[in-house]
There are 2 protein chains.
Amino acid sequence: MNNTVGETSLTLRDVAAAAGVSLATADRVVNGRPGVSAKTARKVHEAVERLGFRPLAAAAELARARSWRFAVMLPRGSNRFMMDIADNVRAQADWFRARRIGVEIIEVDVFDADGLAEALADLGGRFDGVAVVALDHPRIRAVIDDLVDGGMAVVTLVSDAPSSRRQHYVGIDNIAAGRTAGSLVGRFLGRQPAGGGNGKVGIVTGSAGLRDHAERRFGFGQVMAEEYPHLTLLTPLEGRDDAERNRELVRRMLSDTPDLVAIYNTGEGSVGIGDALAEAGLARTVLCVGHELTPATRRMLLDGTFAALVAQDPGHEARSMARVLHALVTGQEIVAAQERIRVQVILRDNLP
Amino acid sequence: MNNTVGETSLTLRDVAAAAGVSLATADRVVNGRPGVSAKTARKVHEAVERLGFRPLAAAAELARARSWRFAVMLPRGSNRFMMDIADNVRAQADWFRARRIGVEIIEVDVFDADGLAEALADLGGRFDGVAVVALDHPRIRAVIDDLVDGGMAVVTLVSDAPSSRRQHYVGIDNIAAGRTAGSLVGRFLGRQPAGGGNGKVGIVTGSAGLRDHAERRFGFGQVMAEEYPHLTLLTPLEGRDDAERNRELVRRMLSDTPDLVAIYNTGEGSVGIGDALAEAGLARTVLCVGHELTPATRRMLLDGTFAALVAQDPGHEARSMARVLHALVTGQEIVAAQERIRVQVILRDNLP
DNA sequence: CTGTTAGCGCCTTCAC
DNA sequence: GTGAAGGCGCTAACAG
């Protein structure tokens, strides 16, 4: 076991000397640029291995002397979580500037695939990289693939388009997130239902068409069916992530379902659910689990209206997006473990 | 709302010109070095503000042309979690090398305050920064303060020494971690005890003297007393984080306590608990919550022996330690949000 | 296919 | 207290 990490500075010049070639040739080999004979390349590679050379990132960055332009496409005028992402991107201004990266945040209407597709296509040529909250739609896939073909680095953010050739997805596994919510609901209710009856579980979702919400519902349903068959899932109600609509939906749900024991919200607008429960005097009686940490959900976690939240960290996502795009355009390696976005469980006790 | 982040390259030379001074003077002001009159400094600061200048990190790093030495002090021959930290430090070899940082991992006997103190004192002068799994002990505090006075950057890792003048703590809030474990146990058991009796909760801990374990027990006890008074906590048993000892303790606990409903392990060696329960045919009957994700706890989470784990991410901690030490020695800013180590809740469904 | 050379933006002597 | 000049390690023109 070697306990010393990171050796003393060894420069490309040393490698070139060891391989008996010029600096420029060594550089070409190390960076995989063309114009070097196989034999020479081998000599250089060997020297690199033998000496254990790693280029100094700072010198490479400085010498490259070029700047980058990234675009971040977020859903227009939407929910708090997306605003958090945007804020976290802005909070990285210094980080970007220190790397000569200019970032433009572009707002688009995500629900409209054609609009998103056009806005994306419009980016071609003007940017070196894009992060986009995607829709898994044939048109979107096609545009993403065109951009990638055009040499642009493309990462999807929060909502993936797995069928496209995007280089990376910055976001959580939404099926796992749904399963996690399911286990929390199931375990918190207890395996033996207390009240005698078997209990109904209501589901509030943003829109049946959004991939992330659909995946969460799927994961949630899986766990319920496998592990908690005594609980009955009600038909999901679509509130479009809007608190007001959610409140109306839950009001009706409460009057229609006397044996409602829990509610799971796959998206935003949880505060409407809390309000409806409070009106009915059922806060802390009906178990609630939702997604994402916002001022509203934090408050409802603290006052017990929500028992738990399943969340992703917008700060981590914004930073990961920046690092990944930067690594992609500069040809650096991506540290997979660092960029894996965790499915977090937040209780009142581990609120950050 | 400004949607463009990170402007075009502006160099120190531009700032110097705008302020009507030389490059060297502008540099002195920007880096807070002495030898500049107040009036000149003001002119430069003003130009920096007006133009919105930020130094290019890569150029600064390259020009500084100096290397650093960091030491990482970990408990000797200890548990899996510490090995994970060490592995993650080694996995960053490239990151360190790219910044001219040499890292030495030093193993010490943590339980021995005098030995740790000596080993730490021994570092003076030989390193620019240290990360240490600390003991909150007067001697340790004194040595840390001496090192800091001597110009060394000191961060505590996993276990803090809050009374010292260490610049940063890389680790979780252990009271919050204990509270989180308490809420999980309480909620998973159900507010109304099912079996008629009120139920006993066993506690296995590493050593009463370790600050992190003590804090976890404290947080756990708080939640139990406040929220689940119907549950009775048994006296904590010390198994020194050893699986074999833990197995013995739990065997005895099971025969002494017929109405045992749950076990909380504040430390390592959870596998011994699982073994004892399996022998008694009580796995998945007695609820278990423990700490840290290892191959053993992962397996027991998957087979249902453990219901949940409260964890911290050793990869995040190793990277955070590296970034923080680097920022401290190079005088860069620390991104607090990025370095906050989260108290994670891991269920079978959100296993990474 | 290979080598030479002039910077990238900042920091650090050294001289004034 | 201030300025001039060289160099950090690598890249990208340009020659050869």
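What you see below is based on every heavy atom in this structure, not just the backbone, and it leaves out hydrogens, waters and symmetry mates. Order of the sequence lines fixes the chain letters, A, B, ..., with proteins taken first and strands second; residue numbering starts at 1 for each chain.
In this structure, CZ of A:R33 is placed 15 Å from C1' of C:dC1, rounded to the nearest angstrom. We find that CZ of A:R64 is positioned 15 Å from P of C:dG9, with the value rounded to whole Å. Rounding to whole angstrom units, CG of residue A:L12 and P of D:dC10 are separated by 5 Å. Remark: P of C:dT12 and CD of B:E61 are 12 Å apart, rounded to the nearest angstrom.
Between A:N31 and D:dC10, a side-chain N or O to OP1/OP2 separation shorter than 4.0 Å is absent. Close to D:dC8, at under 4.0 Å from its OP1 or OP2, lies no side-chain N or O of B:R100. Side-chain N/O atoms of B:S37 include one lying less than 4.0 angstrom from OP1 or OP2 on D:dT2.
A 6.0 Å sphere centred on CZ of B:R13 holds no more than 12 heavy atoms belonging to other residues, nucleotides or ligands.
Residue B:R166 forms a side chain to side chain contact (heavy atoms under 4.5 Å, CB included) with just one option from B:V148, B:D160, B:V155, B:L157, and that option is B:D160.
For B:I140 against B:A117, the heavy-atom pair with the smallest separation is CD1-N, 3.7 Å. Taking every heavy atom of both residues into account, B:R97 and A:G52 meet most closely at NH1-O, 3.7 Å. Contact between B:R342 and A:P352 at its shortest, heavy atoms only, is NH2-CG, 3.2 Å. Of all the heavy atoms in B:S163 and B:D136, the pair that sits closest is OG-OD1, 3.1 Å.
Using a 4.0 Å cut-off between charged nitrogen and carboxylate oxygen, A:R340 and B:D313 do not count as a salt-bridge pair. B:R99 has no carboxylate O lying under 4.0 Å from a charged side-chain N of B:E61, or vice versa, which leaves the two without a salt bridge.
For residues 21-29 of chain B, proximity to DNA chain D is found at B:V21, B:S22, B:A24, B:T25, B:R28, defined as any non-hydrogen atom under 4.0 angstrom from a strand atom. Near DNA chain D, meaning a heavy atom under 4.0 Å away, the residues from residues 39-56 of chain B are B:T40.
A donor-acceptor contact shorter than 3.5 Å is absent between the side chain of B:N88 and the backbone of B:I85.
Of the candidate nucleotides D:dC10, C:dT2, C:dC11, C:dT2 has the atom nearest to the side chain of A:V36. Side-chain atoms of A:A59 lie closest to D:dG9 of the nucleotides C:dG9, D:dG9, C:dC11.
Projected onto DNA chain C by closest heavy-atom contact, A:G35 and A:R13 fall at different nucleotides, the more 5' of which corresponds to A:G35.
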